[in-house]
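Everything on this sheet refers to the single structure shown next.
Note that the numbering runs from 1 along the sequence shown for the chain. Every value quoted in this text rests on a predicted model; they were computed, and no experiment measured them.
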Amino acid sequence: MSHADFPNIDMVSNQACLLTFSHVISEATSNYIAQVTQNLKNLAGIVDLVPSYTTLLVVFDDDHYDRFAIFKAIRQTIEAIDPNNVSLIDSREVVIPVYYGQEVGPDMEDVAKHCQLSMEEIIKRHSEAVYRAYAIGFTPGFAFLGNTPDELHVPRKTTPRLKVPIGSVAIAENQTAVYPSVTPGGWQIIGRTPINLIDWGSKNLALIAMGDSVRFESISRDEFLVQGGQLDGF
């Protein structure tokens, strides 16, 4: 990855700027963004940091701080980091149990047809891959995980569902995700986890943090129910 022309810094409002680190999704870019995010956390005047695949949105307090001084401090912080010698971020491996049954994975059959694979092969390939949490957003605790194996790439649904049940495991294009709450959604649902991805009483709130490695472990219907899984929702 070449950082010769990055990151670009663009003001998007009087209280926010967008840092663009690359046009290519990669672990190197993700590590660079994570390092910059960490270094900016204690900068006076910054109220929120929203990292994504190749960008970082920086929101600051324009009412009490000079935004131009903050803008300068952001530049100085970035210039102090060597993108070719970024420390590996602290990350964990998160294992998520998944029941891939069609009663909770209503799009499994369509995915199998699109990919020209059996449902058993879909499960095998999806659960054998190791994913990286590249971004957290959309709703609290919603982690964008990549990269889904090439042979499992499927488009989003043409008509999104108005209600996707909590814990639904879904894929779309080169991404995988777990819905931590009941929301609308247009990804292809292939299973469901019985575990909660959000703990409102914890400091970190979400089970998955940016940079974490995530694996899915196939479990049976009985195991899903024993662990508190619910079969309703559609």
Side-chain angles (χ1 to χ4, degrees), residues 52 91-112 114-115 117 119-149 152-234:
S52 188
S91 64
R92 306 161 299 147
E93 181 182 73
V94 179
V95 180
I96 298 178
V98 181
Y99 169 44
Y100 289 96
Q102 284 184 269
E103 57 191 324
V104 292
D107 298 319
M108 176 64 87
E109 186 173 357
D110 289 341
V111 169
H114 179 89
C115 298
L117 296 169
M119 292 185 215
E120 291 75 16
E121 194 64 27
I122 296 291
I123 295 170
K124 180 177 183 293
R125 299 191 186 197
H126 187 261
S127 59
E128 283 182 346
V130 178
Y131 304 87
R132 182 186 177 97
Y134 279 106
I136 309 293
F138 174 55
T139 61
F142 189 101
F144 293 86
L145 309 174
N147 289 328
T148 303
L152 300 186
H153 287 192
V154 291
R156 295 170 185 256
K157 299 182 73 65
T158 53
T159 303
R161 289 183 172 89
L162 296 178
K163 185 175 75 170
V164 175
I166 186 172
S168 292
V169 177
I171 58 178
E173 300 166 350
N174 66 337
Q175 300 176 98
T176 292
V178 183
Y179 285 79
S181 56
V182 178
T183 62
W187 293 29
Q188 308 284 352
I189 302 172
I190 60 173
R192 191 181 298 178
T193 181
I195 66 175
N196 291 323
L197 272 73
I198 300 180
D199 181 357
W200 295 104
S202 73
K203 179 180 178 181
N204 295 328
L205 180 66
L207 174 65
I208 303 172
M210 181 182 172
D212 284 347
S213 295
V214 179
R215 291 193 300 107
F216 296 98
E217 182 178 79
S218 179
I219 60 174
S220 68
R221 185 179 192 272
D222 287 345
E223 289 172 317
F224 175 75
L225 294 173
V226 166
Q227 293 182 40
Q230 302 294 318
L231 297 173
D232 56 355
F234 290 108

_Euclidean distance, Arg192 CZ relative to Leu231 CG, rounded to 0.5 Å_ = 7.0 Å

*Heavy-atom side-chain contact between His126 and Val98 under 4.5 Å*: no

*Residues which pass side chain to side chain donor-acceptor pair (under 3.5 Å) with Gln188, listed by chain and number, not counting sequence neighbours*: none

_All side chain to side chain donor-acceptor pair (under 3.5 Å) counterparts of Ser127, not counting sequence neighbours_ = none

_Return the CZ to CH2 distance between Arg156 and Trp187, rounded to the nearest 0.5 Å._
5.5 Å

*Sequence neighbours excluded, which residues qualify as side chain to side chain contact (heavy atoms under 4.5 Å, CB included) partners of Glu121?*
Leu117, Ser118, Lys124, Arg125

*Please report the shortest heavy-atom distance between Ser52 and Met210, naming the atom on each side.*
O-CE, 4.2 Å

*Taking all non-hydrogen atoms of both residues into account, name the closest pair between Pro184 and Val164 and its distance.*
C-CG2, 4.1 Å

_Using the ring-ring contact (aromatic ring centres under 6.0 Å, His included) criterion, which residues pair with Phe224? Sequence neighbours excluded._
Tyr99

*Quick one: which of Thr193, Val130, Ile123, Leu145 gives a side-chain contact (heavy atoms from CB on, under 4.5 Å) with Phe216?*
Leu145

*Can you name the residues that form a side chain to side chain contact (heavy atoms under 4.5 Å, CB included) with Asp110, not counting sequence neighbours?*
none

_Over all atoms of both residues, closest heavy-atom pair of Ile208 and Ala133_ = CG2-CB, 3.7 Å

*Please list all pairs passing the salt bridge (charged side-chain N to carboxylate O under 4.0 Å, His left out) test where one or both residues lie in residues 159-178, with sequence neighbours left out.*
Asp107-Arg161

*Listed by chain and number, what are the side chain to side chain contact (heavy atoms under 4.5 Å, CB included) partners of Pro149, not counting sequence neighbours?*
Ala129, Tyr131, Glu151, Leu152

*Check whether any side-chain heavy atom of Asn147 lies under 4.5 Å from a side-chain heavy atom of Tyr134, and answer yes or no.*
yes

*Can you tell me how far the CD atom of Gln102 sits from the CD atom of Glu109, to the nearest 0.5 Å?*
5.5 Å

*asked:* Under the salt bridge (charged side-chain N to carboxylate O under 4.0 Å, His left out) definition, can you give me all pairs with a residue in residues 218-227, not counting sequence neighbours?
replied: Glu103-Arg221

*Between OG of Ser213 and CZ of Arg132, what distance do you get to the nearest 0.5 Å?*
7.0 Å

*Of all heavy-atom pairs between Pro194 and Gly228, which one has the smallest distance, and what is that distance?*
CB-C, 4.3 Å

_Tell me every residue that passes side chain to side chain contact (heavy atoms under 4.5 Å, CB included) with Thr139, counting only those two or more places apart in sequence or in another chain._
Phe142, Pro180, Ser181, Thr183

*At their closest point, which heavy atom of Ala143 faces which heavy atom of Ile136, and how far apart are they?*
CB-CD1, 3.6 Å

*asked:* Main chain of Gln175, side chain of Thr148: is a donor-acceptor contact present, judged purely on distance under 3.5 Å?
replied: yes

*Please step through side chain to side chain contact (heavy atoms under 4.5 Å, CB included) for the pair Val214 and Thr176, ending with a clear verdict.*
CA-CA 10 Å; Val214 179; Thr176 292; over 6 Å; no

*Hey, what do you get for CG (Leu197) to CD1 (Ile166), rounding to the nearest 0.5 Å?*
8.0 Å

_Gap between atom CD1 of Ile96 and atom CG of Leu207 - 0.5 Å precision_ = 6.0 Å

